[in-house]
Amino acid sequence: MAPARENVSLLFKLYCLTVMTLVAAAYTVALRYTRTTAEELYFSTTAVCITEVIKLLISVGLLAKETGSLGRFKASLSENVLGSPKELAKLSVPSLVYAVQNNMAFLALSNLDAAVYQVTYQLKIPCTALCTVLMLNRTLSKLQWISVFMLCGGVTLVQWKPAQATKVVVAQNPLLGFGAIAIAVLCSGFAGVYFEKVLKSSDTSLWVRNIQMYLSGIVVTLAGTYLSDGAEIQEKGFFYGYTYYVWFVIFLASVGGLYTSVVVKYTDNIMKGFSAAAAIVLSTIASVLLFGLQITLSFALGALLVCVSIYLYGLPKQDTTSIQQEATSKERIIGV
């Protein structure tokens with residue numbers, strides 16, 4: 001029975017990774033379409049806030065389905081959400097860290113050349129692998145480390161856009177920019193692995209954990225929305241510029257976010273990074289077909305690196321335990 005369970009588990013993991021990749025690619029394409037065709041541009045900050053609300057509502061519904069009865073559902077909410085301020089505080093950490101990451105990324109982009117930013121920001125991939133090793137006590141083979149850095153280079157090439165000459169001189173502080181990008185990279189790695197550790201360190205339902213995180217996420221994103229766009233939102237309205245396409249993008253973002261938590265729960269953050277890289281490649285190919293985007297040499301090389309890195313990372317690690325045991329037994333025989 002054990003092999004059958006392992007096969008089901010593997011198929012489930014592959015299913016989750018595939019769906020997450022396809023949803024992320026569809027989201028990117030849909031977002032590009034809304035940005036290029038919208039007559040009145042909506043506030044992206046409000047879209048992020050609404051996405052958090054939708055993810056919360058879906059998680060509540062899935063928890064209700066999981067518990068099976070209204071009484072157990074109320075008891076679960078009362079015990080794990082309303083009656084657990086410590087757990088709520090624990091799950092607010094990723095939301096706060098992601099908020100810091102987004103602000104630091106914006107600060108870095110304002111003080112670094114776009115090309116330098118593209119390259120350095122991809123260091124979040126090996127940083128996530130390092131946090132996985134340090135925080136979760138896991139080990140990666142040399143080949144897996146090589147594939148992680150290969151993925152980092154591949155994503156950089158896929159997203160590479162040559163710098164364009166401009167007559168506008170912008171005052172930049174490279175030291176501040178590199179400091180901000182370092183903080184953003186560390187925040188990205190830490191927040192993802194921290195959430196993974198919380199998910200896997202107890203038997204608490206995934207949907208309960210999602211509810212706990214999305215509650216704090218709504219507070220953080222709502223505060224960020226009014227801090228950055230508050231005046232314009234009061235003037236034009238919270239849903240200014242929304243169309244059916246915008247709502248579709250928000251729906252895809254919500255589904256993608258939920259599948260991301262499932263992927264983190266049953267695989268890990270490194271696999272999530274590989275899935276996200278594959279989504280970037282797929283969305284770019286789709287943009288070629290839909291929007292006439294031109295394939296460049298850097299994209300082709302980057303896509304090849306991404307594919308090779310995914311293959312290398314997925315190769316099974318050599319089990320050296322039996323070899324070491326055999327060597328030890330031989331030494332004992334020789335000693336005798």
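- A donor and an acceptor atom, one from each side chain of R209 and S202, are located under 3.5 Å apart.
- Of the possible polar contacts, none joining the S188 side chain to the A184 backbone as a donor-acceptor pair under 3.5 Å is found.
- Summarising the geometry, atom OG belonging to S141 is positioned 8.0 Å from atom CD1 belonging to I146; distances are rounded to the nearest 0.5 Å.
- A donor-acceptor pair under 3.5 Å is absent between the side-chain atoms of N269 and the main chain of K272, judged by distance alone.
- Shortest non-hydrogen contact noted between G154 and V306 is C-CG2, 3.9 Å.
- Residues S147 and F274 form a side-chain contact, since some pair of their non-hydrogen atoms from C-beta on lies under 4.5 Å apart.
- Side chain of S78 to backbone of A75: no donor-acceptor contact under 3.5 angstrom is found.
- When all heavy atoms of T128 and I270 are compared, the pair lying nearest together is CG2-N, 4.5 Å.
- Residue D229 holds its CG atom at 11.5 Å from CD of Q234, rounded to the nearest 0.5 Å.
- S261 places a side-chain N or O within donor-acceptor distance of the main-chain N or O of L258, the cut-off being under 3.5 Å.
- Looking at F106 and N102, their side chains never come closer than 4.5 Å, going by heavy atoms from C-beta outward.
- Salt-bridge annotation for R138 and E196: present, with a side-chain N of the basic residue lying under 4.0 Å from a carboxylate O of the acidic one.
- With values rounded to the nearest 0.5 angstrom, L17 atom CG is found 5.0 Å from T267 atom OG1.
- Not less than 6.0 angstrom separates the ring centroid of Y42 from the ring centroid of Y240.
- Atom OH of residue Y313 and atom CE of residue M150 lie 14.0 Å apart, to the nearest 0.5 angstrom.
- Between V100 and M104, some side-chain heavy-atom pair lies under the 4.5 Å cut-off.
- Placement of L143 and L305 within a single hydrophobic cluster is found when ILVMFWY residues are connected by side-chain heavy-atom separations under 4.5 Å, directly or transitively.
- Taking 4.5 Å as the limit, every side-chain heavy atom of W160 sits out of range of all side-chain heavy atoms of T296.
- Going from atom CD1 of I211 over to atom CG of L57 covers 9.5 Å, rounded to the nearest 0.5 Å.
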Side chain to side chain contact (heavy atoms under 4.5 Å, CB included) assessment of T139 paired with V133:
CA-CA 6 Å; T139 57; V133 171; over 6 Å; no
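- In this structure, a donor-acceptor pair under 3.5 Å is present between the side chains of Y15 and Y259.
- Proximity of T260 to M20: side-chain heavy atoms (C-beta onward) are separated by under 4.5 Å at one or more points.
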Can you list the steps and then say if I50 with F251 is a side chain to side chain contact (heavy atoms under 4.5 Å, CB included)?
CA-CA 9 Å; I50 294 171; F251 170 75; over 6 Å; no
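- L22 and I250 sit in two unconnected hydrophobic clusters of ILVMFWY residues. Membership requires side-chain heavy atoms under 4.5 Å apart, directly or through other members.
- Of all the heavy atoms in G237 and F43, the pair that sits closest is O-CE1, 3.8 Å.
- The number of heavy atoms from other shown groups lying within 6.0 Å of CZ (F73) is above 12.
- Y117 and L186 fall into different hydrophobic clusters, where Ile, Leu, Val, Met, Phe, Trp and Tyr are joined by side-chain heavy atoms under 4.5 Å apart, directly or via other members.
- Using modelled atom types, one side-chain atom of N111 and one backbone atom of N173 make a donor-acceptor pair closer than 3.5 Å.
- Residues L70 and K74 meet the side-chain proximity criterion, which asks for heavy atoms closer than 4.5 Å.
- Using a 4.5 Å heavy-atom cutoff, the side chains of I125 and V148 are in contact.
- Minimum interatomic distance between E52 and Y214 (heavy atoms only, all atoms of both residues): OE1-CD2, 3.6 Å.
- The main-chain N or O of R72 is never found under 3.5 Å from a side-chain atom of S76 such that the two would form a donor-acceptor pair.
- Surrounding CG of L175 are at most 12 heavy atoms belonging to other residues, nucleotides or ligands under 6.0 Å away.
- Residues Y27 and L289 do not share a hydrophobic cluster, defined by chaining ILVMFWY side chains whose heavy atoms lie under 4.5 Å apart.
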Between Y245 and V249, does the side chain to side chain contact (heavy atoms under 4.5 Å, CB included) criterion hold? Intermediate values first, please.
CA-CA 6 Å; Y245 294 112; V249 168; 5.6 Å; no
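- Crowding of F238 atom CZ: a count of heavy atoms from other residues, nucleotides or ligands under 6.0 Å exceeding 12.
- Annotation for K265: atom NZ counts as buried by contact number, over 12 foreign heavy atoms lying within 6.0 Å.
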Should L91 and V198 be marked as a side chain to side chain contact (heavy atoms under 4.5 Å, CB included) after you check the CA-CA gap, both sets of side-chain angles, and the distance that decides it?
CA-CA 8 Å; L91 267 297; V198 172; 3.6 Å; yes
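- Across C152 and L123, no two heavy atoms sit closer than the pair SG-N, 4.1 Å.
- Between E66 and S205, the side chains place a donor N or O and an acceptor N or O closer than 3.5 Å (distance only, hydrogens not considered).
- Side-chain N or O atoms of D268 include one that pairs as donor or acceptor with a backbone N or O of M271 at under 3.5 Å.
- Neither side chain, T225 nor T46, offers a donor N or O lying under 3.5 Å from an acceptor on the other.
- The ring of F239 has its center closer than 6.0 angstrom to the ring center of Y242.
- Under the 4.5 Å side-chain contact rule for hydrophobic residues, L222 and L56 share a cluster.
- Rounding to the nearest 0.5 Å places CZ of F299 at 10.0 Å from CD1 of I280.
- A donor-acceptor pair is defined here as one N or O able to donate and one able to accept, closer than 3.5 Å; no such pair exists between the side chain of N210 and the backbone of S59.
- Side-chain contact between Y194 and V93: present, with at least one pair of heavy atoms (C-beta onward) separated by less than 4.5 Å.
- A donor-acceptor pair is defined here as one N or O able to donate and one able to accept, closer than 3.5 Å; no such pair exists between the side chain of S84 and the backbone of E87.
- Scanning both residues, S216 and S92, for their nearest heavy atoms gives OG-CA, 3.4 Å.
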